[in-house]
Structure formats: structure tokens, C-alpha cells
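Working notes for the structure below.
As the structure is a prediction and not an experimental result, all values here were calculated from the model. In what follows, chains are A, B, ... by sequence order, proteins preceding strands, each numbered from 1.
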2 protein chains.
Amino acid sequence: MIDIPKGFQFAGARCGLKNRRNDIGILLSDRPARAAGMFTLNEVRAACVDYSRQVMASGSLRAIVVNSGNANCCTGQQGVRDNAHMAELAATALGIGPDEVAVGSTGVIGQLLDMSKVEKGVAEAATKLGQDPKPFMDALLTTDLVEKHASAHISPSSLVFGVAKGSGMIAPNMATMLAYIVTDADVTGLDLDAILRRACDKSFNCMTVDGDTSTNDMVIVLANGASDEKPTELDFEAAITDVCTSLAKQVARDGEGATKLVEVIVTGSQDPKRIARTIADSPLVKTAMFGCDPNWGRIMMAAGRAGVPFRKEEARLAIRANGEEHLLFEFGGPAAFDPKRVSTALKSDQITIDLNLGKGDSATIYTCDLGYGYVRINAEYHT
Amino acid sequence: MIDIPKGFQFAGARCGLKNRRNDIGILLSDRPARAAGMFTLNEVRAACVDYSRQVMASGSLRAIVVNSGNANCCTGQQGVRDNAHMAELAATALGIGPDEVAVGSTGVIGQLLDMSKVEKGVAEAATKLGQDPKPFMDALLTTDLVEKHASAHISPSSLVFGVAKGSGMIAPNMATMLAYIVTDADVTGLDLDAILRRACDKSFNCMTVDGDTSTNDMVIVLANGASDEKPTELDFEAAITDVCTSLAKQVARDGEGATKLVEVIVTGSQDPKRIARTIADSPLVKTAMFGCDPNWGRIMMAAGRAGVPFRKEEARLAIRANGEEHLLFEFGGPAAFDPKRVSTALKSDQITIDLNLGKGDSATIYTCDLGYGYVRINAEYHT
């Protein structure tokens with residue numbers, strides 16, 4: 001059984017919006033919780049994004065209702081009405097106000113929600129609330145292969161717990177495709193918005209599967225104070241950041257068709273994040289990682305096209321896996337390495353690409369490889 | 001036999017830098033030709049790029065020598081010396097000065113050229129010069145499936161002829177992976193650099209296969225005046241632009257693993273090129289095109305993440321193929337279309353995505369779909 005913060009309950013139900021597993025989830029706090037959210041910056045936003053941002057303007061929430069299998073995005077005014085109705089259905093079933101419920105949706109864009117199914121699913125989920133978060137996590141998944149959750153203790157009696165989903169259309173810009181974080185800490189006096197923003201900038205916003213920013217991205221944190229513990233900002237932010245970083249890595253590792261987690265670290269640049277992101281999004285780098293090919297020239301090519309000046313004569317490129325480091329490029333030319341040994345190292349399910357360009361800042365981006373599975377999932381995931 | 005401008009000769013030879021086909025090519029003008037070039041803006045540039053830019057500072061060239069199978073990039077000072085030596089070998093064999101020869105290289109990054117092979121190949125090619133450009137075109141290809149060439153008459157007796165190679169690592173930033181354009185027009189008094197820049201901006205710089213800008217991109221135009229025709233700037237620029245656009249479309253259609261050419265037209269925006277490029281580079285859009293899936297939500301998602309504001313309520317998205325137009329999205333919601341008919345239309349080998357966002361400028365980007373073939377080629381194209 002997964003340990004969860006006090007005062008929260010979870011539920012999931014299956015109403016037929018997707019083929020298998022749960023597709024409606026409810027998360028409930030037994031008292032009003034302080035709430036902060038980060039939402040996609042995509043110009044094309046789903047109804048749930050605008051709605052949740054609006055109800056969270058009060059800084060407080062009781063519940064979140066989520067569906068998977070349908071993003072309810074680009075569905076016009078009917079989509080906006082359906083989203084509000086989904087919040088009302090949850091509020092009625094839970095005996096709270098509709099302005100205390102945030103909504104999340106994930107799935108195909110451009111199709112109207114089947115509201116008779118949603119009605120049934122919400123009603124059923126509301127009767128199943130309990131301490132086990134698994135049915136709720138199931139209800140978030142689409143092409144995900146595994147559930148993602150993470151915990152961090154702030155103190156022995158106060159916990160941060162987070163769940164996330166996401167596998168494709170992952171290049172969060174302010175948030176990722178559905179992550180919900182709950183804590184029983186009492187965060188009175190802390191700037192929850194600012195803490196969440198900083199944690200996201202170091203975690204979800206440093207992750208990419210395919211460079212495609214979703215229309216439905218949202219990260220919400222609820223702090224209900226049920227533990228009566230008032231953490232310091234430092235302790236609380238460390239715990240939130242830990243949970244967000246763990247979830248971000250889990251999402252990258254479970255990228256559509258991925259076989260490995262790839263961590264790209266760029267050091268010594270005026271804009272290391274931009275270079276790291278360009279490497280992490282390069283299809284040629286990602287296919288080389290899939291093929292376990294020590295084709296480091298593609299990494300240098302990607303770094304060079306990021307639009308950030310550097311001198312290749314000062315660059316040093318290494319790959320780390322299984323506790324070994326392999327130097328690949330130095331002093332403007334190839335290093336003496338054994339391609340077979342590097343290729344074997346690249347079979348690891350966790351690779352670090354380390355590019356040092358001289359003096360300057362450092363940044364890390366989490367991504368995955370690009371293989372046949374990504375094409376299969378996305379060429380065959382028909383509307 | 002392909003029609004070529006007067007005063008030019010071509011040759012190709014096979015020296016073993018790649019597995020099959022020619023790998024050394026020579027292009028020669030029988031008199032000094034006015035020359036202009038566009039080169040990659042990647043920070044990591046091959047030796048041939050810096051060398052060719054330098055020798056072309058005079059504005060004049062006699063010949064170009066090219067190898068495929070090895071990019072001679074990230075090869076340190078030895079790579080710089082090998083590149084200069086390759087130019088000298090060609091100059092000696094052709095009886096001209098080394099500063100009259102530009103060099104092009106394409107292939108794997110980070111490996112030293114086998115100069116004994118290059119020596120043999122250049123010597124052999126120099127003895128085979130003739131009117132047929134095919135052996136030269138062969139010598140440019142790497143993962144390309146087809147040769148790319150295009151012609152445009154400026155007048156009945158004056159011609160522009162161009163060849164290009166490129167299939168992966170294609171997102172030209174100022175030029176594409178090796179394109180050479182020759183004309184017998186007399187361009188005295190015309191600004192050849194400016195004309196080439198404008199032609200590239202409308203053609204090669206509007207093309208992407210995988211968003212990865214090569215380290216070796218170059219477009220060179222040679223005008224030798226052998227026809228004694230002095231075209232107007234208007235006529236000459238139209239012919240150059242025609243040839244460049246045709247070559248750019250051929251490169252996109254022959255993208256690694258591609259099954260179709262996809263033309264993305266965005267209208268009515270303050271930055272339509274950025275939106276069109278984001279759509280064209282989106283892995284989710286490209287895999288949907290490969291899967292013949294009318295999953296238009298991905299197109300709207302990609303448009304929305306380009307970082308250019310628009311209102312989705314004013315957007316109108318259509319797909320054209322086989323002379324039919326299918327409206328997919330309008331007034332903020334899905335249009336009434338028959339998914340099966342659209343899916344059938346998407347089986348065409350040429351698709352146009354047409355996104356109208358209201359008032360503003362228009363831009364077109366050429367790209368291709370993303371299928372299993374791209375992964376196969378790039379996961380298995382081992383160093």
C-alpha cells in the first residue's frame with residue numbers, strides 16, 4: 001500500500017471513454033486545501049485548463065475530477081459546457097461547491113465528451129473513495145505503460161505525494177500533462193504559487209519526449225494542513241522539488257516507445273538549457289540512443305544548431321552509463337574510445353550525455369530515446 | 001540525357017569512402033565563373049564550409065570537388081589539412097589554382113578522411129569529365145534514395161541547372177546539405193549573393209525533414225556567362241528560385257523513411273513561418289501523416305505551441321490532396337468531415353496542410369512524414 005498524506009482520498013472508475021482501465025478519477029481533500037497550479041502555455045488550450053485556472057484563483061480547492069481517453073480540447077462552446085458540467089457532477093456527488101473542484105482531461109483532441117458516460121463514471125467513482133491512490137492513477141493513463149508516483153517526507157509526520165501521467169505530446173511549457181501533488185503540510189505563510197513554479201522549472205519544464213507541448217498540461221498542488229505541521233519554505237520546497245523531479249524522470253522514461261531515460265547535462269554556456277533541450281529533442285540523437293550507436297557527431301551537430309555560440313575546440317563530450325564514463329570528443333576532434341564498449345554501455349536503460357563547453361552555467365534536461373514504438377503508437381493511435 | 005548549361009562538365013568516381021555508388025564528384029567550369037554561396041549557420045561547422053567560404057570571398061570559382069561517406073567535421077586540425085589537400089589534389093588534376101576550387105563533404109561526423117582513397121578518387125574523376133551530370137549526382141548521395149536535379153530556362157539559349165543531395169539532418173539554416181547550381185547566363189551587374197540569399201529563403205530555408213541542421217550545409221551557384229546572355233534580375237532570380245524550390249521539394253520528399261511530401265501553408269499570422277515550421281517539425285503531426293490519420297488535433301496543438309499568439313476561434317484548418325479539400329476545424333470546433341474519406345486522401349504522396357488564422361502574412365514549409373524507415377535508417381546507420 002502506498003503511503004499518502006493525511007486527509008486525502010482517491011477513487012477511479014471505468015465508464016468507457018477509453019478501451020481498458022479506469023477513465024474517471026477523483027481526488028478529494030477532507031477540508032479546503034490551499035491550491036496552486038501551473039498550466040500549459042499552448043495557445044490552443046483545453047476547456048479544463050481555462051476552467052481550473054479560474055476556479056483556483058481563490059487559492060483553495062477541495063477536489064479534482066479527471067478523465068482520460070478524451071482531451072475535450074478544440075470542442076467549441078459545447079466542450080466548455082461539458083467541462084463545467086463534469087465539475088458540477090463531481091461537486092454534487094461529493095457534496096461540495098463546483099468552484100471547489102478542478103478538472104483535468106487527457107486523450108484525443110477534437111471530439112466531444114460522451115457526457116452520459118462521464119455522468120455514470122463520476123457517480124461511481126464518488127462512491128469508491130479510499131486511501132489507495134492506484135485506481136485514481138489508473139484513471140489518468142493513456143499510452144503510458146506504467147503509473148508514476150513519488151513521495152517525499154517533510155518531517156516524520158508530514159508527507160508530499162504526487163502522481164503524474166504522460167508519455168507522448170510531452171514538452172511541458174510550465175507544467176506537464178496532468179500531475180497532481182498533495183500534502184498534509186500546513187503551508188500558511190508560504191507562497192505556494194512561487195514554490196510550485198520554481199519546482200516545475202527544475203523538473204517538468206526540464207523534460208521532453210517529443211518536443212510537442214500538450215494542450216492540456218497542468219500541475220496542481222493541494223496542501224490541506226491535516227498534519228498540523230508547518231514546514232520551513234526550504235524544507236517544503238525541497239520535498240516538492242524532489243517529488244516533481246522524480247515524476248518528470250518517470251514520465252521521460254515512459255515516453256512513447258522509449259527504451260531508456262536519457263539525461264542531457266550541458267555545462268559552461270550562457271544558455272545551457274537551450275543547448276540541452278536541442279540535443280534532447282534531436283531525432284538524430286534520439287534514434288542513435290535507441291540504436292545504441294556511439295554516433296557522438298550528432299550530439300555536436302545538435303548542440304551547434306541550438307543558436308547559442310560556443311567554440312568546438314573548447315568542448316568536451318562524454319557519455320556515462322552503468323557507472324562508467326566514456327570520453328567521446330575533446331580539443332576539436334574525436335577522443336580515443338572503444339566504439340564497442342560505448343555501444344555496450346548505451347544498452348543501459350539510463351544514459352547521461354555530458355557536454356562541457358567551458359565557463360558558464362549548467363542545465364539538465366530529461367528525455368528518452370526514439371524508436372519504432374513511437375512511430376507505431378502515433379501512426380496507429382487513430383482518431 | 002539531361003540538358004545542362006554551356007561550359008560546364010561533371011564527373012564522378014568511386015574510391016571506397018562509402019559502400020556503393022560514386023563518392024567523389026567534380027564540377028568544372030571551362031572559364032572563371034562568378035560564384036556565390038550560402039553556408040550552414042551551425043556553430044559546429046565542417047572544414048569544407050569554412051574553406052569554401054574563404055576561397056569564394058573573391059566572388060569567382062572554376063570548380064567544386066565533393067566527397068560523400070565522410071563529413072570531415074569535428075576532425076580537428078588534421079581535418080582542416082585534409083580538406084585543403086583535397087582542394088589541391090583537384091586543382092592539380094584540373095590544372096587550375098587551389099583557390100579556384102570549393103570543397104563539399106557529406107557523411108559521418110568525426111572520422112578522419114582516408115586521404116589515399118580521396119587521392120585515387122579525385123585523380124580518376126578528373127579524367128572522366130563530361131556533359132552527363134549523373135555520375136556527379138551519384139557522388140553526392142548518402143541515405144538519399146533518388147538523385148535530385150532541376151532546370152529552368154532563362155531564355156531559349158540560357159539555362160539554370162541545379163543538383164542537390166539531402167535526406168536526413170535536414171533543417172537548413174541558410175542552405176541545405178549540398179546544392180550546386182550552375183548557369184551559363186552572364187550575370188555581370190547583378191548581385192549574385194543577394195539573389196541566391198533571396199532564393200534560398202524561399203526554398204531551402206523553408207524545408208525540414210527532422211529539424212536537425214547539418215554541419216556541412218552549402219548551396220553554391222556558378223554563373224560562367226558561356227551563353228553570352230545577360231538576363232534581367234527579375235528573369236534570373238525567377239529561374240534560380242524555381243530551381244531551388246524544385247530541389248527543396250525533392251529533398252523533402254526523399255526525407256529519410258518518408259512516404260510523402262507535406263506542404264504546410266500558414267496564413268494570417270504575424271509569424272506564419274514559425275507556426276508552419278513548428279507544425280512541420282512536430283513528430284506527432286508527422287507520424288499522423290505517415291499513418292494517414294486525420295488527427296487534426298495534433299496540427300492545432302503544434303500551431304498552439306509555436307509561441308505565436310492566435311485565437312483558435314478564428315482558425316480554419318483544411319487538408320488538400322488529390323485535388324480535394326477537406327475542412328477539418330472551424331469556429332473553435334471540429335468541422336463535419338468523413339474521417340474515412342480524409343484518411344483515404346492522406347494516402348496521397350503529396351499533402352497540403354492549410355491553416356488560416358485570420359489577417360496577416362503567409363508562409364509555406366516543405367516537409368515529409370515520419371515513419372519506421374526514419375528510425376531504421378538512423379538507429380542502424382552506425383558510426
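- Per-residue heavy-atom pair counts under 4.5 Å with chain A were compared for B:Cys73, B:Ala288, B:Gly211, and the maximum is reached by B:Gly211.
- The minimum heavy-atom distance between A:Asn72 and A:Leu113, with the atom names listed, is ND2-CD1, 3.8 Å.
- Of all heavy-atom pairs between A:Ile351 and A:Met289, the closest is CG2-SD, 4.2 Å.
- Contact count against chain A (heavy-atom pairs under 4.5 Å) is highest for B:Leu284 among B:Leu284, B:Leu370, B:Val285.
- Highest contact tally toward chain A, considering only B:Gly297, B:Ala71, B:Cys74, is held by B:Cys74 [criterion: heavy-atom pairs under 4.5 Å].
- Pairing each heavy atom of A:Met301 with each of B:Ile109, the nearest pair is CB-CD1, 4.1 Å.
- Checked against the 6.0 Å centroid threshold, A:Phe290 and A:Tyr372 count as a close aromatic pair.
- Closest heavy-atom contact between B:Ser68 and B:Lys18: OG-NZ, 3.0 Å.
- Remark: A:Lys260 does not engage A:Asp349 in a salt bridge, criterion side-chain N to carboxylate O under 4.0 Å.
- Comment: A:Arg45 engages A:Asp50 in a salt bridge, judged by a side-chain N to carboxylate O separation of less than 4.0 angstrom.
- Using a 4.5 Å cut-off between heavy atoms, A:Thr75 contacts chain B through its backbone alone, with no side-chain atom that close.
- In terms of non-hydrogen atom pairs under 4.5 Å with chain A, the most contact-rich of B:Val44, B:Asp212, B:Asp369 is B:Asp212.
- Remark: A:Glu314 pairs with A:Arg311 by the side chain to side chain contact (heavy atoms under 4.5 Å, CB included) rule, at least two apart or across chains.
- Ranked by non-hydrogen atom pairs under 4.5 Å with chain B, the options A:Gly76, A:Ala303, A:Ala306, A:Gly79 are led by A:Gly76.
- Contacts from residues 326-336 of chain A to chain B, taken as heavy-atom pairs separated by less than 4.5 Å, involve A:Phe329, A:Gly332, A:Gly333, A:Pro334 in sequence order.
- Between A:Ser105 and A:Asn67, the side chains place a donor N or O and an acceptor N or O closer than 3.5 Å (distance only, hydrogens not considered).
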